[in-house]
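Read through the structure below, which is laid out as structure tokens, and then see the notes.
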Amino acid sequence: MCYNSRMLEKNIVLIGFMGSGKSIVSKRLANMLNRQLLSTDDLIVQEEGRSVNRIFEEAGEEYFRQMERKVVEGAAEKQSVVIDCGGGVVLNPENITDLKKRGILIYLSASPECIYENIKDKDDRPLLNVQDPLARIRELLKERRALYEQADYIIMTDNKTADEVCEEVIRILSHD
Ligand code: S3P
């Protein structure tokens, strides 16, 4: 792979809906490129000493978003890291502005059906802990699609392995 020196300094920022593969892809990318990995959810959980579910339950979504804003502000200042963003990071326009300053934003896009398959046996997404998660996914995706599409690049992840998605990211980086 060859990419120019400007690219070497840029952060690789993965955005997208819950269950679209951001975490696994960002881990692999960080390994492959020997870069530090920052996950906004992990940073919040570390700072709070409680799970995302518990933060939502005990302090509410608004509080979670404030924490998210704080960790995004810090992560966006870094250089040459991979940033795995929680699905709701795009809800705050300041997050996008900050992340774009030093980062190349890649939207991992998945269909509601694929997202549902990926999350259906998990209980760590408080926003999808509802009677009809697929309907909720469709609704939230509709609300958020334009926000995710502010990314510099979009990769469709349906029916692709994590390795295939990583290869696409690397192709993007080498041509940017
Ligand atoms: C959320 C996505 C989650 C987590 C929280 C809220 C969202 O992260 O931040 O449950 O609003 O889309 P993942 O996208 O990593 O699941």
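Note that ligands are numbered from 1 as they come in the structure, with each ligand's atoms numbered from 1 the same way.
Considering only non-hydrogen protein atoms, atom 7 (C) of ligand 1 sits nearest to G88 N, 3.3 Å. Here the protein heavy atom with the shortest distance to atom 5 (C) of ligand 1 is V52 CG1, 3.9 Å. Of the protein's heavy atoms, K22 NZ, 2.5 Å lies nearest to atom 14 (O) of ligand 1. Looking from atom 9 (O) of ligand 1 to the surrounding protein, the closest heavy atom is D41 OD1, 2.7 Å.
Counting atoms of ligand 1 from 1 in the listed order, those under 4.0 Å from a heavy atom of F64 are 9 (O). Of all atoms in ligand 1, listed by their number and element, those nearer than 4.0 Å to a heavy atom of P126 are 10 (O).
Under the 4.0 angstrom criterion for non-hydrogen atoms, R144 is in contact with ligand 1.
Panel note: side chain N11, backbone K78; a donor-acceptor pair is recorded below 3.5 Å.
Identified under the salt bridge (charged side-chain N to carboxylate O under 4.0 Å, His left out) test for residues 103-125, with sequence neighbours left out: E113-R138, E117-K120.
The part of L127 lying near ligand 1 is the side chain, judged by heavy-atom distances below 4.0 Å.
For the atom pair CD (E167) and CD1 (I155), the distance works out to 11.0 Å, reported to the nearest 0.5 Å. Here CD1 of I83 is found 13.0 Å from NZ of K22. Values are rounded to the nearest 0.5 Å. One finds the CG atom of L29 at 7.5 Å from the CD1 atom of I106 (value rounded to the nearest 0.5 Å).
The option with the heavy atom closest to atom 6 (C) of ligand 1, from among E68, R65, R125, is R65.
Classification of E139 and K142 as a salt-bridged pair fails, no side-chain N sitting under 4.0 Å from a carboxylate O.
L38 is connected to F64 through a chain of hydrophobic side-chain contacts under 4.5 Å among Ile, Leu, Val, Met, Phe, Trp and Tyr, so both are in one cluster.
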